[in-house]
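Reviewing the structure listed below.
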Protein chains: 2
Amino acid sequence: MAALEFLIRYCEKNIMRLTTRGRYAVTAMLDLALNNECGPISLADISQRQEISLSYLEQLFAKLRQNNLVSSVRGPGGGYCLARASDAISVAEIIDAVNESIDATSCSGKGNCHNGDICLTHHLWDDLSRQIHRFLSGISLDSLVHQQDVQVVMLRQSDQADANSGCAKV
Amino acid sequence: MAALEFLIRYCEKNIMRLTTRGRYAVTAMLDLALNNECGPISLADISQRQEISLSYLEQLFAKLRQNNLVSSVRGPGGGYCLARASDAISVAEIIDAVNESIDATSCSGKGNCHNGDICLTHHLWDDLSRQIHRFLSGISLDSLVHQQDVQVVMLRQSDQADANSGCAKV
DNA sequence: AAACAACATACTGTTTTAGTAGGTTATGTC
DNA sequence: GACATAACCTACTAAAACAGTATGTTGTTT
């Protein structure tokens, strides 16, 4: 039945991990979003601007590329571009892409998940997990760039003045 | 000035970490919330129900206690209770409590955070970080227990029938 | 041909996670 | 008072994840 399938799916679902790894990935993608009109951005540039190790960035971008979040151009002048418009890329996608490591530890493997209140809290957790995921799915790179948070607008506007005045990297 | 203070505060702020550790803590707190009327709940009970190592639970509850999220009763028949009503305890508090380890790595220590577009993406990240935190601050244990998610209501109702029929543990 | 930059793989030190082990202290019950 | 219970505390450990280093190769532009 649909209910059981549903239950199993969410029992096996893994946690939405949120660490510095995800921060690096989102930060790098934000860097891309901000410099998108300027053609491909090299990882060397991002590495320098965001102070993230180049090789580490390469590892992260391998995953981002596998998940069709960025496209690459090789050779001199090459680099990475967003694969889609920044309003079509969610924060959730980025974090998921970079944390791919399917280990469904919750309650799979043990058949005792399906009976009664043993697993009730698991369901509740899965609810939360899904809410978090849905929340982050609703936040696009674009919405981040275009100040959602009123409190820091003042700070950011002065910053954006320099940043947006036509491809500062050239 | 206020703006600079503001900037520094959020530059130094750490990421909201979300791992299995947090899942365990939230799960355990949910277990408490569900059995709250039954008096103190021993960690041994939670350990058995949620399949979490007893000693690990003890470590987590040490943090939860330090942060006034639970209160304890020693001796036989003792255990832990929620320190407040379940609608006054947010998921964010629980996760924060259990992940306490102040390491402000973002851009503190390096003075270069304050100039221009170098740190623009950091601001954007901090925005996101704060949004996540605010989101999880808005979700209480109580709201989790009382089905926010319509899709799983059907599943949970049958479960809650057993669970809520007066302190199953006695 | 040379330089550039993506792409790939293997290795390393550190931190976090999750759990184990072995206690001490407080408090009910017999 | 003896005893069981369960909180409380500290130190240790194996495994995983994190973050970074090193060393390439492949493709592309100049």
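Sequence lines set the chain letters: A, B, ... in the order given, protein chains first and strands last, and positions in each chain run from 1.
- Nearest heavy-atom pair across B:Ser86 and B:Ala33 is CB-CB, 4.3 Å.
- As judged by a 4.0 angstrom heavy-atom cut-off over every strand, A:Tyr80 is placed among residues touching the sugar-phosphate backbone only.
- Linking Ile, Leu, Val, Met, Phe, Trp and Tyr whenever their side-chain heavy atoms come within less than 4.5 Å puts B:Ile89 and B:Phe135 in one cluster.
- Across the protein-nucleic acid pair, B:Gln48 atom CD and D:dA6 atom P stand 12 Å apart, rounded to whole Å.
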- request: Starting at the 5' end of nucleotides 22-30 of chain D, put B wherever the base has a protein heavy atom under 4.0 Å, S where only the sugar-phosphate does, and a dash everywhere else.
  value: B---BBBB-
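- Listed candidates were D:dA7, D:dG20, C:dA6. Nearest to the side chain of A:Leu43 is C:dA6.
- A straight line from CG of A:Leu32 to P of C:dA5 spans 15 Å, rounded to a whole angstrom.
- Shortest non-hydrogen contact noted between B:Leu144 and B:Val91 is CD1-CG2, 4.1 Å.
- If you take CG of B:Leu60 and P of C:dG19, they are 10 Å apart, rounded to a whole angstrom.
- As judged by a 4.0 angstrom heavy-atom cut-off over every strand, B:Tyr24 is placed among residues touching the sugar-phosphate backbone only.
- Both A:Tyr56 and A:Leu64 sit in one connected hydrophobic cluster of ILVMFWY residues. Membership requires side-chain heavy atoms under 4.5 Å apart, directly or through other members.
- Here D:dT10 presents its C1' atom at 17 Å from OH of B:Tyr56, a figure rounded to the nearest Å.
- Between B:Arg65 atom CZ and D:dC9 atom P the separation is 7 Å, expressed in whole Å.
- In this structure, B:Ile46 atom CD1 and D:dA6 atom P are separated by 12 Å, rounded to whole Å.
- Note on ring orientation: taking the six-membered ring where Trp is involved, the planes of A:Tyr80 and A:Phe61 are tilted (angle from 30° to 60°).
- B:Arg17 has its CZ atom 11 Å from the P atom of D:dC18, to the nearest Å.
- Side chain of B:Ser143 to main chain of B:Ile139: no donor-acceptor pair is present (N/O by atom type, distance under 3.5 Å, no hydrogens or angles).
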message: Set out, in order, the CA-CA distance, both residues' side-chain angles and the distance that settles side-chain contact (heavy atoms from CB on, under 4.5 Å) for B:Leu136 and A:Leu128, then state yes or no.
response: CA-CA 9 Å; B:Leu136 290 178; A:Leu128 177 61; 4.2 Å; yes
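- Here D:dA7 is the nucleotide among D:dA7, C:dA5, C:dC7 with the atom lying nearest to any side-chain atom of B:Ser72.
- Atom NZ in B:Lys63 sits about 18 Å away from atom C1' in D:dA7, given to the nearest Å.
- Comparing A:Ala62 and A:Gly78 by the nucleotide of DNA chain C whose heavy atom lies nearest to each, the residue mapping closer to the 5' end is A:Gly78.
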